[in-house]
> 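Provided herewith is a single structure, encoded as structure tokens, for subsequent inquiry.
Source: prediction; values computed, not measured. We name chains A, B, ... by the order of the sequence lines, and we start the count at 1 in each one.
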Number of protein chains: 2
Amino acid sequence: MKANRRGEVVDAAERILEREGSGAVTMRRLAEELRIQAPSLYKHIAGKTEIEAALQQRALERLGAVLAGASGDLATLAAAYRRWALEHPRLYELSARHSLDRRGLAPGVEAAAAEPLLKVTGGNIAAARAIWGLAHGLVDLELANRFPPDADLDAAWAHAIRAFAIYCTPQPESDPAQARAL
Amino acid sequence: MKANRRGEVVDAAERILEREGSGAVTMRRLAEELRIQAPSLYKHIAGKTEIEAALQQRALERLGAVLAGASGDLATLAAAYRRWALEHPRLYELSARHSLDRRGLAPGVEAAAAEPLLKVTGGNIAAARAIWGLAHGLVDLELANRFPPDADLDAAWAHAIRAFAIYCTPQPESDPAQARAL
DNA sequence: ACCTGAACACCGTTCAAGT
DNA sequence: ACCTGAACACCGTTCAAGT
């Protein structure tokens, strides 16, 4: 029933990442988790970089699916983005802070993640990028604990959403879900 | 003329960071730069974490000074933020992605960096946080190469600025520069 | 096809000792 | 006050070899 050994390596890496933090994702620690010697990993995956790229890809797929399920308006979409990131903080950071390796990324994954954002802006790609930047920035600063402990972040998100909601009033399906990346 | 040895260590770390990237900032590489053995560093600084905290503090001071000099409107402020980050990408990343060690941070530094943002929103702290998130997010994604190579980021910034400019029209000095952090 | 053991060139950090 | 040498417990990765 096991797909392939490579998949199991990435699964184990994800488990360690979420349970013990990014510092614990080590080829040797990973080998221990799989009850194997570290050099054996290299028969299944090229190296640590490839493991990180695989995890980044997973994160993109899952976040994309969550956003696609968060229907309609900007507030709902933004709340879904924030919730997913806070629920998977290490995976989110891993996926957002590294440059995306577009070779070997299943085609359409990037565009699928972008689609809900494009939809909410009525196909305006500059607006979609601005909203992505806004959501990523607020999440990233929150995950990095950069706000004072008593900061009212719900208020900051509400303000941000109102600013963009006024600006990009949802045109009624002006652009029929063009598949493209942000 | 040399201030103290600790300052020289942090200077060397900054040189290596900007010239060779964050992976090169190593206690051993740092010792080599100072023509010293690695264990000697520990007589001047507690460890690598303290070096990173010192660099983060420097970045905050310098970015704060630049923002304070970028007068008045949101567009100018945003452009200054982006320009500084792109000119010091490694230092910016280091400063933005780690949680801020508020013990041992010179008092007022955090508030000083926040002040220009609070000013542009007329003292609205939720709006200031939203704008910080926006600027950080767009910069962070750009530094991580997450936009497609042909993306028009100037357009995304322009859109973002317009959204917030409409929302938070600059009240004429409603709040006289309250010193507080974001 | 899958795994091992030994090895290489690295890390951060500690500690006893030297001037 | 400032520095060194040896050491410890780690890294990622390669390679010849074994089943």
Side-chain angles (χ1 to χ4, degrees), chain A residues 1-58 90-91 93-95 97-101 103-104, chain B residues 1-58 90-91 93-95 97-101 103-104:
Chain A
M1 241 351 105
K2 293 291 167 70
N4 54 56
R5 216 79 177 85
R6 197 194 113 109
E8 292 177 53
V9 171
V10 180
D11 290 343
E14 186 182 347
R15 281 198 303 275
I16 296 171
L17 177 67
E18 297 211 329
R19 286 202 304 242
E20 305 168 39
S22 61
V25 183
T26 275
M27 296 305 272
R28 290 170 134 104
R29 175 75 189 75
L30 198 44
E32 189 194 7
E33 179 89 2
L34 294 166
R35 303 169 177 285
I36 255 176
Q37 298 302 312
S40 305
L41 292 168
Y42 292 83
K43 298 294 169 183
H44 307 109
I45 202 139
K48 208 186 177 188
T49 309
E50 193 177 315
I51 294 174
E52 287 166 351
L55 288 176
Q56 187 184 35
Q57 194 170 337
R58 279 189 185 187
R90 305 302 145 223
L91 195 56
E93 286 172 354
L94 178 65
S95 81
R97 289 175 171 179
H98 293 56
S99 85
L100 186 61
D101 182 19
R103 317 177 328 270
Chain B
M1 241 352 104
K2 292 291 165 73
N4 54 56
R5 216 78 176 85
R6 196 193 115 109
E8 292 177 53
V9 171
V10 180
D11 290 343
E14 185 182 346
R15 282 199 302 273
I16 296 170
L17 177 67
E18 298 211 327
R19 285 202 305 242
E20 305 168 40
S22 60
V25 182
T26 277
M27 296 304 273
R28 291 172 134 103
R29 172 78 189 74
L30 198 45
E32 190 194 7
E33 179 89 3
L34 294 165
R35 301 171 178 284
I36 254 176
Q37 298 301 312
S40 305
L41 292 168
Y42 292 82
K43 298 295 169 182
H44 306 108
I45 203 140
K48 208 187 178 188
T49 308
E50 193 177 315
I51 293 174
E52 287 166 351
L55 287 176
Q56 187 184 34
Q57 195 169 337
R58 278 190 186 188
R90 306 303 144 223
L91 195 56
E93 285 172 353
L94 177 64
S95 81
R97 289 175 172 178
H98 293 56
S99 84
L100 187 60
D101 183 19
R103 318 176 327 269

> Does a side-chain N or O from R35(A) land closer than 4.0 Å to OP1 or OP2 of dC3(C), or not?
no

> Has R5(B) got a side-chain N or O lying under 4.0 Å from the OP1 or OP2 atom of dC3(D)?
yes

> Are S40(B) and dT4(D) close enough that a side-chain N or O sits under 4.0 Å from OP1 or OP2?
yes

> How far does the P atom of dA17(C) sit from the matching atom of dC2(D), given to the nearest Å?
22 Å

> Considering Watson-Crick and G-U wobble pairs with both distances under 3.5 Å, what does dG12(C) pair with?
dC8(D)

> Do H98(A) and L94(A) come close enough that some side-chain heavy atom pair is under 4.5 Å?
yes

> Check whether any side-chain nitrogen or oxygen of H44(A) sits under 4.0 Å from OP1 or OP2 of dC3(C), and answer yes or no.
yes

> Just the rounded figure in Å: distance from P of dT4(C) to CD of E32(A).
13 Å

> Between A24(A) and K43(A), which is nearer to the 5' end of DNA chain D once each is assigned its nearest nucleotide?
A24(A)

> Which residue, L41(A) or R28(A), contacts DNA chain C at a nucleotide closer to its 5' end, judged by nearest heavy atom?
L41(A)

> How is K48(A) classified with respect to the nucleic acid when contacts are heavy atoms under 4.0 Å: base, sugar-phosphate, or nothing?
sugar-phosphate

> My understanding is that a pair needs two contacts under 3.5 Å, Watson-Crick or G-U wobble. By that rule, which nucleotide pairs with dG18(C)?
dC2(D)

> If only atom types and distance count, is the side chain of E33(B) paired as donor or acceptor with the main-chain N or O of I16(B) below 3.5 Å?
no

> Assign T26(B) to base, sugar-phosphate, or nothing according to its heavy-atom contacts below 4.0 angstrom with the strands shown.
sugar-phosphate

> Given that V25(A) and Q37(B) both sit by DNA chain D, which one's nearest nucleotide is further toward the 5' end?
Q37(B)

